[in-house]
Number of protein chains: 2
Amino acid sequence: MKLTTKGRYGLRAVIDLAMYAKTEPVSLSDVAERQNISISYLEQLIAKLKKAGIVQSTRGAQGGYSLAKEPEEVSVGEILRVLEGSLSPVDCSAVDGEGETECSASNFCVTKYVWKRINDSINDTVNNMFLSELLEESEKVKSDAIKVEPGC
Amino acid sequence: MKLTTKGRYGLRAVIDLAMYAKTEPVSLSDVAERQNISISYLEQLIAKLKKAGIVQSTRGAQGGYSLAKEPEEVSVGEILRVLEGSLSPVDCSAVDGEGETECSASNFCVTKYVWKRINDSINDTVNNMFLSELLEESEKVKSDAIKVEPGC
DNA sequence: ATTAAATCGCAGTAAATTACTAGGAAATAA
DNA sequence: TTATTTCCTAGTAATTTACTGCGATTTAAT
């Protein structure tokens with residue numbers, strides 16, 4: 001039940017763009033340095049975000065990336081799903097929403113009920129958190145930032 | 001963000017015990033056959049559940065396992081945490097509740113806010129689902145059980 | 001007393017996934 | 001023309017997952 005570095009780093013990169021690419025695009029090397037993430041790894045993550053229409057790029061020197069939408073239009077769920085795939089705790093079409101398959105033993109189906117409830121609660125949370133909210137939140141905590149936690 | 005087979009199989013095993021070990025303990029080979037899980041793998045999972053006080057065992061022939069508590073006293077969260085470790089989407093003490101560390105860059109801390117909200121919503125859900133509820137639910141759906149989904 | 005059925009415990013291992021790195025092509029501002 | 005940047009694909013070491021195997025111990029039934 002862990003997010004990978006794709007989701008963790010990718011979300012940080014998007015937040016970084018939201019904060020620093022307001023007027024001009026910022027280069028990945030800037031983001032990479034600020035966020036302490038390798039450039040070539042970031043390139044792979046940002047490629048997915050671009051393909052999904054979350055960020056946009058301008059090529060060539062002095063180019064870089066910026067958000068493709070307003071911060072209030074980009075949900076955390078959208079970002080994480082692009083980077084991690086489905087956030088469902090199991091790969092089961094009946095849980096993810098596609099298809100209406102049932103399982104063979106009765107308690108298989110009961111677990112499906114469990115997975116669906118977990119899935120729904122995760123989605124409710126991430127689909128209703130928008131970048132704009134995170135930017136506001138970052139204003140609040142900016143002052144008392146002290147120590148890096150490895151997992152964050 | 002996926003549960004492993006430990007959590008998936010283990011929960012199924014506990015539900016199986018709740019359904020079939022009401023008067024006498026049931027052997028792991030019975031559980032394994034009903035749930036289509038290898039015995040030796042199940043042994044490892046059940047060992048954790050026993051250590052955590054969720055199931056109890058009687059050794060020797062005609063022995064087996066049964067629940068150590070009433071179904072209304074065992075939450076899905078308890079079971080999954082024993083098998084999977086923390087359900088937090090990141091390993092960050094500030095998210096898991098231990099310690100009050102802050103992160104170095106301001107947007108590191110914003111992601112912490114995100115992880116905490118996801119963590120809370122998962123925990124709210126699983127800590128408030130009890131085995132008793134699942135048993136009731138399994139009565140409902142028992143009749144129209146048809147097909148096995150690989151991920152379930 | 002012996003046997004068969006079970007739990008218990010630990011070690012090993014193939015396959016998959018993760019978290020990167022490497023190298024180079026193409027575009028563009030200066 | 002050159003430096004800076006995005007873009008694209010492939011490879012790979014380390015870790016994790018999902019098991020299997022073996023053997024010891026306990027105990028009910030014969």
Side-chain angles (χ1 to χ4, degrees), chain A residues 1-13 17 20-21 24-33 35-52 54-68 80 83-86 89-91 150-152, chain B residues 1-13 17 20-21 24-33 35-52 54-68 80 83-86 89-91 150-152:
Chain A
M1 274 301 266
K2 293 280 172 278
L3 286 171
T4 67
T5 53
K6 288 177 199 149
R8 301 208 317 266
Y9 295 0
L11 178 59
R12 268 162 56 196
L17 292 183
Y20 295 102
E24 294 161 337
V26 306
S27 70
L28 275 196
S29 52
D30 284 357
V31 177
E33 195 178 11
Q35 300 298 326
N36 236 288
I37 302 170
S38 101
I39 300 179
S40 43
Y41 194 41
L42 251 191
E43 281 176 347
Q44 294 171 33
L45 308 183
I46 207 96
K48 291 187 179 191
L49 293 165
K50 194 197 169 187
K51 203 174 162 194
I54 294 170
V55 304
Q56 61 195 358
S57 65
T58 57
R59 301 189 65 172
Q62 264 58 47
Y65 294 90
S66 59
L67 289 187
L80 292 181
L83 296 162
E84 297 272 342
S86 163
V90 299
D91 282 328
C152 288
Chain B
M1 274 300 266
K2 293 280 172 276
L3 287 171
T4 67
T5 54
K6 288 177 199 151
R8 300 209 316 267
Y9 295 0
L11 177 59
R12 267 162 57 194
L17 293 182
Y20 295 102
E24 295 162 333
V26 306
S27 69
L28 275 197
S29 51
D30 284 357
V31 176
E33 195 177 9
Q35 300 297 327
N36 237 288
I37 303 170
S38 103
I39 300 179
S40 43
Y41 194 42
L42 251 190
E43 282 176 346
Q44 294 172 34
L45 309 182
I46 208 96
K48 291 186 179 190
L49 293 165
K50 193 195 169 188
K51 203 175 162 193
I54 294 171
V55 304
Q56 60 194 1
S57 66
T58 58
R59 301 188 66 172
Q62 263 59 45
Y65 294 89
S66 59
L67 288 187
L80 292 181
L83 296 162
E84 298 273 341
S86 164
V90 301
D91 282 328
C152 288

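Every chain is numbered from 1 and lettered A, B, ... according to where its sequence line falls, protein lines coming before strand lines. Keep in mind it's a predicted model, so treat the numbers as computed, not measured.
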Using residues 55-64 of chain A as the side-chain source, report each donor-acceptor pair under 3.5 Å to any protein atom, sequence neighbours left out, with the distance given to one decimal.
{"residue": "A:Q56", "atom": "NE2", "partner": "A:S66", "partner atom": "OG", "Å": "3.3"}
{"residue": "A:Q56", "atom": "NE2", "partner": "A:L67", "partner atom": "O", "Å": "3.2"}
{"residue": "A:S57", "atom": "OG", "partner": "A:K50", "partner atom": "NZ", "Å": "3.1"}
{"residue": "A:T58", "atom": "OG1", "partner": "A:G64", "partner atom": "N", "Å": "3.3"}

Are there any protein N/O atoms within less than 3.5 Å of an N/O atom in nucleotides 12-19 of chain C, and if so, which ones and at what distance?
{"residue": "C:dA19", "atom": "OP2", "partner": "A:T5", "partner atom": "N", "Å": "3.0"}
{"residue": "C:dA19", "atom": "OP2", "partner": "A:T5", "partner atom": "OG1", "Å": "3.1"}
{"residue": "C:dA19", "atom": "O5'", "partner": "A:T5", "partner atom": "OG1", "Å": "3.4"}

**Fill in**
Between CG of B:D30 and P of C:dT7 the distance, given in whole Å, is 9 Å

**Item:** Separation of D:dT17 C1' from B:K48 NZ (nearest whole Å)
**Value:** 11 Å

**Request:** To the nearest Å, give me how far apart CD1 (A:I37) and P (C:dT21) are.
**Result:** 12 Å

**Message:** If you define the side chain from C-beta out and look only at heavy atoms, does anything of B:Y41 sit under 4.5 Å from B:T5?
**Reply:** yes

**Prompt:** Has the side chain of B:R12 got a donor or acceptor atom that lies under 3.5 Å from a matching backbone atom of B:Q35?
**Reply:** yes

**Prompt:** Between D:dT6 and A:K50, is there an OP1 or OP2 to side-chain N/O distance shorter than 4.0 Å?
**Reply:** no

**Asked** What is the distance, rounded to the nearest whole Å, between atom CD1 of A:I46 and atom P of D:dC8?
**Response** 14 Å

Return the polar atom pairs (N/O with N/O) between nucleotides 27-30 of chain C and the protein under 3.5 Å, or none.
{"residue": "C:dT28", "atom": "O2", "partner": "A:A61", "partner atom": "N", "Å": "3.3"}
{"residue": "C:dA29", "atom": "O4'", "partner": "A:A61", "partner atom": "O", "Å": "3.4"}

**Request:** Quick one: pull up CZ in B:R8 and CD1 in B:I37 and give me the separation to the nearest 0.5 Å.
**Result:** 9.5 Å

**Request:** Taking the side chain as every heavy atom from C-beta outward, state whether A:K2 and B:S86 have any atom pair closer than 4.5 Å.
**Result:** yes

**Request:** Tell me whether the OP1 or OP2 atom of C:dA5 has a side-chain N or O from B:S29 closer than 4.0 Å.
**Result:** no

**Request:** Enter the distance from A:L11:CG to A:L45:CG here, rounded to the nearest 0.5 Å.
**Result:** 11.5 Å

**Prompt:** How far apart are the closest heavy atoms of B:A32 and B:I39, and which atoms are they?
**Reply:** CB-CG1, 3.6 Å

**Asked** Rounded to whole angstroms, how far apart are CD on A:E33 and P on D:dT5?
**Response** 12 Å

**Request:** Please state how far atom CD in B:Q56 lies from atom C1' in C:dC8, giving the value in whole angstrom units.
**Result:** 16 Å

**Message:** What's the separation between atom CD in A:E43 and atom CG in A:L28, rounded to the nearest 0.5 Å?
**Reply:** 6.0 Å

**Asked** Contact class for A:L28 (heavy atom, under 4.0 Å): base, sugar-phosphate, or nothing?
**Response** sugar-phosphate

**Item:** Note, A:L17 side chain near A:I46 side chain (heavy atom, < 4.5 Å)
**Value:** yes

**Request:** Select base, sugar-phosphate, or nothing to describe what A:S40 touches, counting heavy atoms under 4.0 Å on all strands.
**Result:** base

**Asked** Can you check the A:E43 CD to C:dA25 C1' distance for me, whole Å?
**Response** 12 Å

**DNA chain C: 5'-proximal contact among B:S57 and A:I39 (nearest heavy atom)** = B:S57

**Prompt:** Taking CG from A:L42 and P from D:dT5, how many angstroms apart are they, rounded to a whole number?
**Reply:** 14 Å

